[in-house]
Amino acid sequence: MPQEATVIDCHTHAFRDAAQGLNAMGGAPRVGYAGLVDDLKAVRRKAGIQTSVLLALLPSEGMRDAARARLAPDLAPEQRARAEEETNEAIIGRLQRMNAWVCDVARENPGILPFVNIGPFLDPERMRLEILEKVEK
């Protein structure tokens, strides 16, 4: 007798609140869901999905570009460098909080596997530390 297949959805996103989810979907909910964790769980049950890989979604490149565009054009080079570094650090903080949230969701919901984001603003050592910290979480 053939063995039943394990169904894994290897690319899912979820959001902390419906407004974030709807914004990420361009304001129009797809298939009647707003992208909440409860929505993901409902879809999993309905489709018979045993495991969902939950990706930490943060559009860090776009956030950086938008922040740079808002900088005053007449900043001195050292001021611009400092402002860009502050922007990078703020984005890294958001990325780390998003990673922590995805790990918390997975810990609280069996069958959800977290994938953390180690975006382009992290140097190799910070990437390593971010991964190790989240694995220990």
Side-chain angles (χ1 to χ4, degrees):
M1 182 173 257
Q3 207 175 39
E4 187 174 317
T6 299
V7 180
I8 300 171
D9 185 343
C10 65
H11 185 143
T12 65
H13 301 286
F15 303 90
R16 295 173 197 253
D17 62 57
Q20 283 181 332
L22 292 174
N23 183 52
M25 291 184 269
R30 297 184 179 111
V31 296
Y33 299 105
L36 300 174
V37 173
D38 285 344
D39 294 336
L40 175 58
K41 290 169 27 180
V43 169
R44 288 179 57 225
R45 277 191 304 274
K46 184 176 181 180
I49 298 169
Q50 287 86 11
T51 303
S52 291
V53 174
L54 180 58
L55 305 168
L57 176 65
L58 186 73
S60 55
E61 292 287 330
M63 291 168 61
R64 183 194 62 195
D65 294 345
R68 285 182 175 174
R70 290 189 303 270
L71 292 176
D74 58 347
L75 286 176
E78 62 276 357
Q79 290 174 311
R80 178 168 297 281
R82 188 170 52 252
E84 288 180 358
E85 182 57 29
E86 289 170 0
T87 296
N88 288 348
E89 288 301 317
I91 293 170
I92 289 169
R94 287 186 67 177
L95 179 136
Q96 291 170 324
R97 289 187 299 277
M98 173 61 75
N99 286 341
W101 180 76
V102 168
C103 290
D104 289 344
V105 167
R107 188 174 36 263
E108 296 165 6
N109 295 279
I112 293 181
L113 178 66
F115 270 37
V116 299
N117 184 336
I118 53 168
F121 302 109
L122 298 174
D123 61 56
E125 179 61 11
R126 281 181 94 171
M127 285 182 188
R128 186 182 75 75
L129 292 173
E130 178 67 7
I131 292 167
L132 288 175
E133 178 184 301
K134 298 314 182 272
V135 166
E136 292 171 2
K137 201 168 179 7

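Here the structure is a predicted model, which is why all the values come from computation and not from measurement.
The side chain to side chain donor-acceptor pair (under 3.5 Å) search around Glu125 returns Arg128, not counting sequence neighbours. Residues forming a side chain to side chain donor-acceptor pair (under 3.5 Å) with Arg16 (at least two apart in sequence, or on another chain): none. Looking at residues two or more places apart in sequence or on another chain, you find a side chain to side chain donor-acceptor pair (under 3.5 Å) between Glu61 and Arg64.
Annotation: the span from Leu40 atom CG to Leu36 atom CG amounts to 10.0 Å, rounded to 0.5 Å. Rounded to the nearest 0.5 Å, atoms CD1 (Ile91) and CG (Leu122) are 11.0 Å apart. How far CG of Asp9 is from CG of Leu113: 11.5 Å, rounded to the nearest 0.5 Å. Thr87 contributes atom OG1, which lies 10.0 Å from atom CZ of Arg80 (distance to the nearest 0.5 angstrom). Of the inter-residue distances, the one linking Lys134 atom NZ with Gln96 atom CD reads 5.5 Å to the nearest 0.5 angstrom. The CG atom of Asp65 sits 11.0 Å away from the CE atom of Met63 when rounded to the nearest 0.5 Å.
Here the side chains of Thr12 and Ser52 are in contact, with some heavy-atom distance below 4.5 Å. Taking the side chain as every heavy atom from C-beta outward, Val105 and Ile112 approach each other to under 4.5 Å. Using a 4.5 Å cut-off on side-chain heavy atoms (C-beta onward), Arg82 and Gln79 make contact. With contacts defined as side-chain heavy-atom distances shorter than 4.5 Å, the pair Val37/Trp101 qualifies. Put simply, the side chain of Asn99 reaches to within 4.5 Å of the side chain of Asn117, judged on heavy atoms. Contact check for Val102 versus Asp104: no side-chain heavy atoms found under the 4.5 Å cut-off.
Both Met127 and Ile92 sit in one connected hydrophobic cluster of ILVMFWY residues. Membership requires side-chain heavy atoms under 4.5 Å apart, directly or through other members. Cluster annotation: Phe15 and Val53 are assigned to distinct hydrophobic clusters (Ile/Leu/Val/Met/Phe/Trp/Tyr, side-chain heavy-atom contacts under 4.5 Å, transitive).
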Query raised in the report: Between Ile8 and Thr6, is a side chain to side chain contact (heavy atoms under 4.5 Å, CB included) present by the stated rule, with each step listed?
Result: CA-CA 6 Å; Ile8 300 171; Thr6 299; 4.0 Å; yes
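Shown here for Met98 and Ala56, the closest heavy-atom pair between the two residues is CG-CB, 3.7 Å. Contact between Arg44 and Gln50 at its shortest, heavy atoms only, is NH2-O, 2.7 Å.
Ion pairing between a basic and an acidic side chain is recognised when a charged N comes within 4.0 Å of a carboxylate O; Asp38 and Lys41 show such pairing. Between Asp123 and Arg126, no side-chain nitrogen of the basic residue sits less than 4.0 Å from a carboxylate oxygen of the acidic one, so the salt-bridge criterion is not met.
Asp17 contributes a side-chain N or O that, together with a main-chain N or O of Gln20, makes up a donor-acceptor pair within less than 3.5 Å.
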